[in-house]
2 protein chains.
Amino acid sequence: MDMHEHVHTADAQGRQDTVERLKRAGLRPTRQRIALAELLFGTADRHVTAEQLHGEASNAGTRISLATVYNTLHQFTAAGLLREVVVESGRSYFDTNTGSHHHFYYEDSGDIVDIDAANVAFAALPETPDGHEIAAVDVVIRVRPRDRIRRR
Amino acid sequence: MDMHEHVHTADAQGRQDTVERLKRAGLRPTRQRIALAELLFGTADRHVTAEQLHGEASNAGTRISLATVYNTLHQFTAAGLLREVVVESGRSYFDTNTGSHHHFYYEDSGDIVDIDAANVAFAALPETPDGHEIAAVDVVIRVRPRDRIRRR
DNA sequence: TCAACAGATTAGAATTATTCCAAGAATGCA
DNA sequence: TGCATTCTTGGAATAATTCTAATCTGTTGA
């Protein structure tokens, strides 16, 4: 009954870092943004949809509207804190890993898994179209469970 | 007033080929499917959305519902006549080029342009996850107009 | 030739993901 | 503290796509 008196001290530092990170990105550290940032950056790299993240925030007791989740994901993306991954039409994934890397996409489960940039190298790439520059080179390796029964 | 008597003979062969192609794919050569197939495969390789194709068919005088366009695009894809390209969440493109190749995606205009498979070569690719096989390796090179004013 | 059945088409409703909007809060500088 | 600015929000609006149930068409076998 008295053992949870000041649990917040455990996370106080992480929270302060989050606030700093938001400020550096030019975003006011509001209650909602802090909550989402902690969910997004508190653990290992991850890939989330707006709906998913909204669920997590709700479960964690943060009152936040879905519209705000969408707004925040886009703001974080614009600020370079997130990166949008397109692997499936009709659903947007946001990746907390903003470094150069690629993705496996599991067609059966819909899972997305990072591929380290070091594991993909190009021997040839086409010329960049005149007057343009490359914004990104995205590689998606789509995989599916191997057929047990081989067709012949 | 009498110079368009039997214009259909000009396209008769192409139409017959289309009918054959549909039959081989196990699809009944219906009026709608024939019309869409001719729009899709009548000219050079192209990338279309359902909405676009529906508009073209309507303009060409073919009465066809949007639902049928969606059905047909998916059936053609399942039959290997089309390939779906995912470059933008929220909008599906279908590519009449089903061979191995990749894409430029123009972020400003939304245009999609084929890159011949010969122009993309890998020096390294990660191992395929256990129990899985590769369905496809999709490379999307996202380009944007080059900044005139270089930041320093 | 044609009946009959499987397969195809359709209008419109339903669903899903996302964005828009206007109004009420929260934030942080002066 | 006092505001101006920026945020958040519920709910309506939009967009792409899928579903549904009724109707129609293509094909096949007698």
Side-chain angles (χ1 to χ4, degrees), chain A residues 15-16 18-37 39 47-58 60-79 81-82 84-94 110 112, chain B residues 15-16 18-37 39 47-58 60-79 81-82 84-94 110 112:
Chain A
R15 189 175 161 299
Q16 194 46 46
T18 300
V19 169
E20 278 314 311
R21 166 132 60 164
L22 291 174
K23 282 187 178 167
R24 253 180 280 120
L27 297 169
R28 282 191 186 172
T30 64
R31 177 173 61 75
Q32 293 85 340
R33 298 213 267 232
I34 293 169
L36 295 186
L39 285 172
H47 306 90
V48 296
T49 63
E51 204 74 58
Q52 255 172 44
L53 190 61
H54 180 247
E56 290 182 22
S58 300
T62 304
R63 272 193 69 266
I64 186 172
S65 73
L66 186 55
T68 298
V69 174
Y70 274 104
N71 289 340
T72 305
L73 285 172
H74 287 140
Q75 290 153 354
F76 282 12
T77 300
L81 267 37
L82 289 178
E84 195 170 351
V85 182
V86 181
V87 286
E88 202 185 329
S89 89
R91 194 179 237 82
S92 276
Y93 287 89
F94 293 86
I112 298 174
Chain B
R15 190 176 160 296
Q16 194 46 45
T18 300
V19 169
E20 279 313 313
R21 165 129 66 162
L22 290 174
K23 283 188 177 167
R24 253 180 280 119
L27 297 168
R28 282 192 187 171
T30 63
R31 176 173 60 75
Q32 293 85 340
R33 298 213 266 233
I34 293 169
L36 294 186
L39 285 172
H47 307 90
V48 295
T49 64
E51 204 74 60
Q52 255 172 44
L53 190 59
H54 180 248
E56 289 182 21
S58 300
T62 304
R63 272 193 67 265
I64 186 172
S65 73
L66 186 54
T68 297
V69 174
Y70 274 104
N71 289 340
T72 304
L73 286 172
H74 288 139
Q75 290 152 353
F76 282 12
T77 300
L81 266 37
L82 290 178
E84 194 171 350
V85 182
V86 181
V87 287
E88 201 184 330
S89 88
R91 194 181 234 79
S92 276
Y93 288 88
F94 293 86
I112 297 174

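The sequence lines fix the lettering, A, B, ..., with proteins before strands; numbering per chain opens at 1.
- Atom P of nucleotide D:dC7 and atom CD1 of A:Ile64 are separated by 13 Å, given to the nearest angstrom.
- A:Arg63 has its CZ atom 7 Å from the P atom of D:dT9, to the nearest Å.
- For A:His47 against A:Ile112, the heavy-atom pair with the smallest separation is ND1-O, 3.4 Å.
- The nearest heavy atom of DNA chain D to B:Asn71 and to B:Gly90 marks one nucleotide each, and the one closer to the 5' end goes with B:Gly90.
- Distance A:Leu27 CG to D:dT6 P: 12 Å, rounded to the nearest Å.
- Interatomic distance, CD of B:Gln75 versus CZ of B:Arg28, reported as 12.0 Å (0.5 Å rounding).
- The CZ atom of B:Arg15 sits 11.0 Å away from atom CD of B:Glu20, with the distance rounded to the nearest 0.5 Å.
- Residue contacts shown for B:Ser92 are limited to sugar-phosphate atoms, with no base heavy atom under 4.0 Å away.
- Computed from coordinates, the A:Gln32 CD to D:dT8 C1' distance equals 6 Å when rounded to whole Å.
- A centroid separation of 6.0 Å or more is found between the aromatic rings of A:Tyr70 and A:His54.
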Stepwise side-chain hydrogen bond (donor to acceptor under 3.5 Å, both in side chains) test for B:Ser92 and B:Glu84: CA-CA 7 Å; B:Ser92 276; B:Glu84 194 171 350; 2.8 Å; yes
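- Atom CG in A:Leu66 sits about 15 Å away from atom C1' in D:dT14, given to the nearest Å.
- Nucleotides of DNA chain C that come within less than 4.0 Å of any heavy atom of chain B span, from the 5' end to the 3' end, C:dA6 to C:dA11.
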DNA chain D base-pair string [pairs: Watson-Crick or G-U under 3.5 Å; |: paired with another strand]: ||||||||||||||||||||||||||||||
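- A donor-acceptor distance shorter than 3.5 angstrom exists from the side chain of A:Thr77 to the backbone of A:Leu73, with no hydrogens or angles considered.
- In this structure, B:Arg31 contributes its side chain and B:Arg63 its backbone to a donor-acceptor pair below 3.5 Å.
- The distance between atom CZ of A:Arg91 and atom C1' of D:dT17, rounded to the nearest whole Å, is 13 Å.
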Base versus backbone protein contacts along nucleotides 23-30 of chain D [heavy-atom cut-off under 4.0 Å; B, S, -]: --BBS---
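- One finds the OG1 atom of B:Thr72 at 8.5 Å from the CG atom of B:Leu27 (value rounded to the nearest 0.5 Å).
- Remark: A:Leu53 CG to A:Phe94 CZ distance equals 9.5 Å, nearest 0.5 Å.
- Rounding to the nearest 0.5 angstrom, the gap separating the CG atom in A:Leu66 from the CG atom in A:Asn71 is 9.5 Å.
- With rounding to whole Å, B:Tyr70 atom OH is found 12 Å from D:dA15 atom P.
- Using a 4.5 Å heavy-atom threshold, the side chains of A:Pro29 and A:Lys23 count as touching.
- For the OP1/OP2 pair of D:dT8 and a distance below 4.0 Å, the side-chain nitrogens and oxygens of A:Ser65 include no atom meeting the criterion.
- Between the P atom of D:dT6 and the CZ atom of A:Arg33 lies a distance of 11 Å, rounded to the nearest Å.
- Taken from CG in A:Leu39 to CD in A:Gln52, the straight-line distance is 11.5 Å, to the nearest 0.5 Å.
- Using a 4.0 Å heavy-atom distance criterion, A:His54 is classed as making no nucleic acid contact.
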